[in-house]
Amino acid sequence: MSERYHIKETEKKWQKVWQDRKSFEVTEDTTKPKCYVLAMLPYPSGRIHVGHVRNYTLSDVVARYKKAIGFNVLNPMGWDALGLPAENAAMERGTHPADWTYANIKDMKAQLLSMGLAIDWSREVATCHPQYYKHEQKMFLEFYKKGLAYRKESMVNWDPVENTVLANEQVVDGKGWRSGAPVERRKLYQWFLKITAYADELLAGIQTLERWPEKVRVMQENWIGKSQGAQFNFDLTTTSGQIAVYTTRPDTLFGASFVALAADHPMAKTLCAGKAGFDDFIKQCQANGTSEAAIEQAEKIGFDTGHKVAHPFIAGKELPVYLANFILMDYGTGAIFGCPAHDERDFAFATKYQLPMIRVIDGAGDLPFTEDGTLINSEWLNGLTTDAAKTAAIQKLESLKIGQGITKYRLRDWGVSRQRYWGCPIPLVHRIRDGAIIPVPDDQLPVELPHDINYDLPGNPLDRHPTWKYTTCPETGEPAIRETDTCDTFFESSWYFLRYLDPRNTQTGFSSTASKYWMPVDQYIGGVEHAVLHLLYSRFFTRALRDCGYDVPDEPFAGLFTQGMVTHATFQDTDGKWLYPTEVTIEGSRATKISDGSPVTIGSITKMSKSKKNTIDPQDIIDTYGADAARLFILSDSPPERDLEWTESGIEGAWRYINKIYRHVIDTKELFQGMSSEKPANFSAGAQNIRRATHKTIDLVAKDIDAFHMNKAVARIRELSNLLVDIKDIKDDSERWALREGYETLIQLLAPMVPHLAEELWSELGHTTLLADTPWPVVDPALLVADTITLAVQVNGKLRATITLSATADKSEAEKIALSDDNVKKSLEGLSVKKVIVVPGRVVNVVAG
RNA sequence: GCGCCCGUGGCGGAAUGGUAGACGCUACGGACUUAAAAUCCGUUGGCCGCAAGGCCGUGGGGGUUCGAGUCCCCCCGGGCGCACCA
């Protein structure tokens, strides 16, 4: 009788062995090809969630597999440790953000360790550590000196109660997400990184990202949003001056019926000075947040400035100048000409303010007509196509010396300023005498966050700290004030993958040697929610570092995989209150509350979220079923790019499988006692069958892992184990040898998925070296070729029989055997054979009529 | 609105244009047990048939092909992304 598998003890045991033997610690080893496997670093909330487990299981399978096939694999882990949640916790519970963060890191690390990940923990980094942000501050200053970091006034979402700037995501229905106060649009001095300087390069680089999902590449392209058009000036006729506009449709200029400026356009105030209703209009525009959703929902409203401009192509024609809320100051020139006949927004605006609509593109269909066509009502442009008319119009604007063809981007510079404490301080000081901005010298970095802060008042604790910000100018020794803005936390995550390469270097963020060896990341794995911002910022950051003299490739991530979400059913009690899955018991299709047996409604299956309480704590799962079961279930149930539905029965199935394999190996291993390790010269038919299945599985599993088809890889492994487990008696020594080869291979193939079980069984089979250090089994190609094959036989495309024949049989032989099959003959009764199609190894199709 | 992805048993999902439903979950029947759990054996797309076997079947409709879940066109349903970007 076999022993039970002691999951917890066994998993702990091997975790300790791997740690003690530094199995996954690596250095730059030029004798081996390198493979940099990277999982997106977690925010240390204190608890891992199932999404983390999925992410790190996937990266672990890749890391362990790549190591087995001979790569020097770097698989690091760290903590995205700065940011708002620590400050919220500090405000709610009176803890210090640093204490809260480091305590969370400790808890979460213990949880990750219990997953048995093949991580080089010696490279662990926390972005809140001064030795991390020290190098980041140096990079900021290098960007500053190169003109890639600059300060300008810009519009922000201002929460008047919290006294801080809110990100767009923190504005809900025009109100601050915490305070509930209406958000104002305010102008503030903010720090920016000049990502727009790299717009073209970032766009072109997308073409080289062959191992990125198409979806993500398209999203980045859209985000960069390159457009070609014309920029030109309208002369004001009612006062002196000009209005610059940008358009992608210079061909429709003869259809222009108004000019509109953004409400916050610099000329708005001067044009409207003293006009009744102007202040109200501006207030109305400001009432809406800066979020794109908020702007979209707003009705189009305008304000007639009373001023007019001259049409550049039509002598004597004047167009009214409006302010309009749908014009964005941040795009183009913040001003447009409106052509209501051929633009939906202009059409809506013109309808409301009863402005003329002049059709200049011929075509069927009602106005607004936004497709290309042939020009009409446009003097010298008449008869031209849209494209030709664009070129002609731009030429004319250039010859009149009032404008030119131009390329614009939707991408805006990256605002990195946050009026927050728990972020990386921007290492600059403002000299009081003249307001000069002076970099903090390298030898004074890092500019550390002060520890003694309080949250008694709203706003930025750095700004009201009694001493921290008061300093002296490093150049003159005069009084100066530190910059109190800290960096957006996307700043830390834009280069953490470089810090992993050389994490304890005190002189520089990372060495050239390390970067040249390890970069780029070969396989990056994470959630699709970072498809644009994090990934685009990182791509920009490496280029900016490159231009500051660092040894980094243009593209940091050669391969990217984005995993799906983890979902779970939702439960509600009779009062409609959400219940945790642990509060509910399910029998068949009926669910009841454990506490009082009352009925429970099973709701939709959605992304796990705290608000709907449909969450599973991975630690509970690991404690109950073990890390291997959790890993196996996550890998086997769905393709990794799709959503995964977490089910109790699924995790139990994985747990059963692990116990079953353990039992069978323990029960079978006596068979292998004392047998020779020498490969038999001849194999019996039975042995040959086992070996074919074994080697076919090695081949398929490797291909599946390479293609990220982890669910299929698991299915193949289960097929092999089903076959091995069904072998009840051994007929000869060659079969015994083949069976041992089968079991050993099974264990090796299982290792990336369920490493603890595999390591345990490997040692049970008498191996004294670690499976983690054992190379992947080698396929014998001769065993991938079967000696007999099964062919489908169709009559007029319908399956009528299957025939088995020798692999060496030729087409005519296959045809002969197919036509002599009884069932095929029956189907052909009364018909004459017209043609026989034989696809070797696949099918015989008899066409008859 | 634009772009992309997806629709296959009760469920998750497999199928280089070539035997649809691999692998698993659930459910049901049986063995073992005083009993239960665990485990093991079997059945599990629908319909007809004692069986051999047959018919139908991959959201719906058309098409290409010897052959379509897979390719093309139209429609329906679901998801994701983008969006006053001039």
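FYI, side chains are in, hydrogens and waters are out, and symmetry mates aren't considered; it's all heavy atoms of this structure.
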What's the gap between B/A22 and B/A35 when it is taken at their C1' atoms, as a whole Å value? 38 Å

May I ask you to say what A/K408 touches in the nucleic acid, namely base, sugar-phosphate or nothing, with a heavy-atom cut-off under 4.0 Å? nothing

Considering every strand and a 4.0 Å limit on heavy-atom distances, what is the contact class for A/G650: base, sugar-phosphate, or nothing? nothing

What is the distance, to the nearest angstrom, from the CG atom on A/L799 to the P atom on B/C56? 13 Å

Out of B/A86, B/G54, B/A22, which nucleotide sits closest to the side chain of A/N823? B/G54

Considering only B/G13, B/G12, B/A86, which nucleotide approaches the side chain of A/I327 most closely? B/A86

Can you check the A/N711 CG to B/C23 P distance for me, whole Å? 14 Å

Grab the two heavy atoms, one from A/G255 and one from A/P340, that are nearest each other, plus how far apart they are. O-CD, 3.9 Å

Choose from B/G81, B/C40, B/A86 the nucleotide whose nearest atom is closest to any side-chain atom of A/T247. B/A86

Scanning both residues in full, the closest heavy-atom pair of A/P312 with A/I402 reads CB-CD1, 3.6 Å

Which part of the nucleic acid does A/T802 contact within heavy-atom distance under 4.0 Å: base, sugar-phosphate only, or nothing? base

Do A/R410 and B/C82 have a side chain to base donor-acceptor pair shorter than 3.5 Å? no

Could you give the OH-to-P distance, from A/Y662 to B/U39, as a whole number of Å? 16 Å

Polar side-chain contact A/R842-B/U16 base: donor and acceptor under 3.5 Å: yes

According to the interplanar angle, ranging from 0 to 90°, do the rings of A/H534 and A/H530 count as parallel (below 30°), tilted (30 to 60°) or perpendicular (above 60°)? perpendicular

Atom-pair distance (CD on A/E645; C1' on B/C11), nearest Å: 8 Å

Return the value, rounded to whole Å, for the distance between atom CD of A/Q794 and atom P of B/A68. 9 Å

Can you find a donor-acceptor N/O pair under 3.5 angstrom joining the side chain of A/N845 to the base of B/C66? yes

Please state how far atom CZ in A/R642 lies from atom C1' in B/C11, giving the value in whole angstrom units. 14 Å

Pair A/W655 and A/F633, ring centroids less than 6.0 Å apart: no

For A/F561 and A/E641 the tightest heavy-atom approach is CZ-N, 3.7 Å

Without decimals, in angstroms, what is the distance between A/E214 CD and B/C6 P? 12 Å

In whole angstrom, give the distance that lies between atom CD of A/Q220 and atom P of B/C82. 12 Å

